[in-house]
Number of protein chains: 2
Amino acid sequence: MTFKRTNPLALAVLALLSERPMHPYEMAQTMRERHQEEVIKLNYGSLYTVVDSLHKHELITASAVQKAGNRPERTVYSVTEAGTAELHDWLRELIAVPAREYPRFEAGISLVGLLPPEDALTLVRQREAAVAEQLTALAVLLERLAGMGLPQLAWIELDYRMAMLRAERAWLSWFAAATADGTVGGHDSWEERHR
Amino acid sequence: MTFKRTNPLALAVLALLSERPMHPYEMAQTMRERHQEEVIKLNYGSLYTVVDSLHKHELITASAVQKAGNRPERTVYSVTEAGTAELHDWLRELIAVPAREYPRFEAGISLVGLLPPEDALTLVRQREAAVAEQLTALAVLLERLAGMGLPQLAWIELDYRMAMLRAERAWLSWFAAATADGTVGGHDSWEERHR
DNA sequence: TCCCGTATATCCGGCACCGAGTATAGGGGT
DNA sequence: ACCCCTATACTCGGTGCCGGATATACGGGA
């Protein structure tokens, strides 16, 4: 059976091991330090499952089993050639081919007609504020990373995220305005339904 | 134990049942007809699991068990009062509170430095083209829906999606250009690493 | 010296989810 | 009268994922 590219955590593992051999716990630490867990969901339970799976598919190998005192054994893994190939090919796919993601907000907004227009307006305004906050937080973080001398390429994904958040904020602002002054198509029957 | 708002399919079920009682298979059909499966992932296996779960939590009730000939029994469900409350509250949360989604592309682009710049450029251009195609397809669909007399509110989530896709296309276009003419921060060491 | 909070490192049981399988009914063609 | 294809309606086994439990080491304060 061929390896299934479901959990992006496996991608992170391959990427880390392509730097140097590590044991799972060290991978987690490194991901934390680099703020990588903001981009790829990290979960200790899943980490060991994912490492096992990669091992089974021979994309990584157990290169050493250390034992310090009475502590649990630490298995150190290295990436294999097949693993490096998998990493690069997976990366290519992720970048070149847009994937259906089913964002939760799309599901929510598609049913917004079930709520009274006044309520919808309040909720959208709340989201707008939350998105604005995230944007300023991101701006601060970027400032700090750039100040540390890191090149743009090292935080390119944050640049992308900011662009997306700005677009979302703009859309929310438009929708709020259109709901407030009743110019959203179908506003009359929407109001009528809720009294 | 309180109901866990994980699978948005449960949201769709509550929304459908708030129109009229249905059996699971009919829910699936209705979702298909309305293009709802483009916004909420539909999977027959999950559908029955989700319905069971809603039933266990008494958010829906089995209002009838029909039996036509020798065909398998069809259980018709209705939404309870608690179910309607859950639907509305869940909707509010989905709209007002942005959720961390971990988009696959963010994971991919964050590691783009592992690929040679020329390859990255090609891949990003490919994605740009794919996104452009999705945009034209969406525009056609919107035209058709508007032509059928449906109000904007009925396809508001597509409007949102178009806005997001346009923003993504713009960002990809920028990144491709910056990679091509070497103005992306850290381009020199990026090139150097790959020879 | 004892204690306790934190860091280290992994394991495991339960459950949601998925995709493929199953079985009958209905309808149209020859 | 027979066949086959599609639509109907659900079922089930396998698996990946998650959160919390487990167990030891270490360092610092009383």
Side-chain angles (χ1 to χ4, degrees), chain A residues 1-13 16-17 21-33 37 40-57 59-60 62-77 99-102 104 107, chain B residues 1-13 16 21-33 37 40-57 59-60 62 64-77 99-102 104 107:
Chain A
M1 256 261 277
T2 171
F3 177 74
K4 271 180 195 168
R5 294 166 177 178
T6 49
N7 198 341
L9 189 54
L11 186 80
V13 168
L16 287 168
L17 291 187
M22 289 188 198
H23 54 94
Y25 192 79
E26 192 182 357
M27 300 176 201
Q29 298 307 308
T30 314
M31 283 186 70
R32 289 255 148 94
E33 281 167 21
E37 46 152 4
I40 295 178
K41 189 155 63 174
L42 170 59
N43 180 307
Y44 280 79
S46 311
L47 181 58
Y48 289 86
T49 319
V50 153
V51 165
D52 271 3
S53 167
L54 286 170
H55 191 207
K56 243 176 244 157
H57 289 86
L59 300 174
I60 63 178
S63 57
V65 175
Q66 304 177 349
K67 173 118 182 173
N70 237 342
R71 305 226 300 232
E73 298 179 343
R74 304 185 309 175
T75 308
V76 176
Y77 294 92
R100 201 65 271 277
E101 306 259 15
Y102 301 94
R104 329 262 299 177
Chain B
M1 256 258 275
T2 168
F3 177 74
K4 272 182 194 166
R5 294 167 178 178
T6 48
N7 197 338
L9 189 53
L11 186 81
V13 168
L16 287 167
M22 289 190 200
H23 54 94
Y25 193 81
E26 191 182 357
M27 299 176 201
Q29 298 306 310
T30 314
M31 284 185 71
R32 290 253 148 94
E33 281 167 23
E37 46 152 4
I40 295 177
K41 188 154 66 174
L42 169 60
N43 179 308
Y44 280 78
S46 311
L47 180 58
Y48 289 87
T49 318
V50 152
V51 165
D52 272 3
S53 166
L54 287 170
H55 191 206
K56 243 175 244 156
H57 289 85
L59 301 174
I60 62 178
V65 176
Q66 302 177 350
K67 175 123 180 167
N70 236 343
R71 306 222 303 228
E73 297 179 343
R74 305 183 308 176
T75 309
V76 176
Y77 293 92
R100 202 60 276 276
E101 307 258 13
Y102 300 95
R104 329 261 301 177

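Reminder, nothing fancy here: chain letters follow the sequence lines and each chain counts from 1.
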What nucleotide, of [options], holds the atom closest to the side chain of [X]?
| X | options | answer |
| --- | --- | --- |
| Asn43(B) | dT10(C), dC18(D), dC18(C) | dC18(C) |
| Pro24(A) | dC17(C), dG19(D), dT10(C) | dT10(C) |
| His23(A) | dT8(D), dT8(C), dA9(C) | dA9(C) |

Notebook entry, point to check: With sequence neighbours left out, what residues match Tyr44(B) under ring-ring contact (aromatic ring centres under 6.0 Å, His included)?
Noted result: Tyr25(B)
Check: Through what angle, rounded to 10 degrees, does the axis of the helix from dT1(C)-dA30(D) to dT30(C)-dA1(D) turn between its ends, using five pairs per end?
Finding: 0°
Notebook entry, point to check: Residues in side-chain hydrogen bond (donor to acceptor under 3.5 Å, both in side chains) with Thr30(B), at least two apart?
Noted result: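 Here no residue qualifies.
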Notebook entry, point to check: Excluding sequence neighbours, so at least two apart, what forms side-chain hydrogen bond (donor to acceptor under 3.5 Å, both in side chains) with Glu101(A)?
Noted result: none
Notebook entry, point to check: Do the side-chain N or O atoms of Lys41(B) get closer than 4.0 angstrom to the phosphate oxygens (OP1, OP2) of dC17(C)?
Noted result: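 Indeed not, no polar side-chain atom of Lys41(B) lies that close.
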Check: Do Arg100(B) and Tyr102(B) meet the cation-pi criteria used here (NZ or CZ under 6.0 Å from the six-membered ring centre, within 45° of the axis)?
Finding: yes
Can you tell me the distance, in whole Å, between the [atom1] atom of [X] and the [atom2] atom of [N]?
| X | N | atom1 | atom2 | answer |
| --- | --- | --- | --- | --- |
| Leu47(B) | dC12(D) | CG | C1' | 15 Å |
| Leu42(B) | dG19(C) | CG | P | 11 Å |
| Asp52(A) | dT15(D) | CG | C1' | 13 Å |
| Tyr25(B) | dA23(C) | OH | P | 18 Å |

Check: Looking at residues at least two apart in the chain, or sitting in another chain, which of them share a salt bridge (Lys or Arg N to Asp or Glu O under 4.0 Å) with Glu37(B)?
Finding: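 Per chain and number, Glu37(B) pairs via salt bridge (Lys or Arg N to Asp or Glu O under 4.0 Å) with Arg32(B).
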Notebook entry, point to check: Among Asp52(A), Leu54(A), Leu47(A), which residue meets the side-chain contact (heavy atoms from CB on, under 4.5 Å) test with Val50(A)?
Noted result: Leu54(A)
Notebook entry, point to check: Between Tyr77(B) and His55(B), does the ring centroid distance fall short of 6.0 Å?
Noted result: yes
Produce the list of close N/O pairs, under 3.5 Å, pairing protein atoms with atoms of nucleotides 11-16 of chain C; give distances to one decimal.
none

Item checked: Thr49(A) side chain vs Gly45(A) backbone, donor-acceptor pair below 3.5 Å -> yes
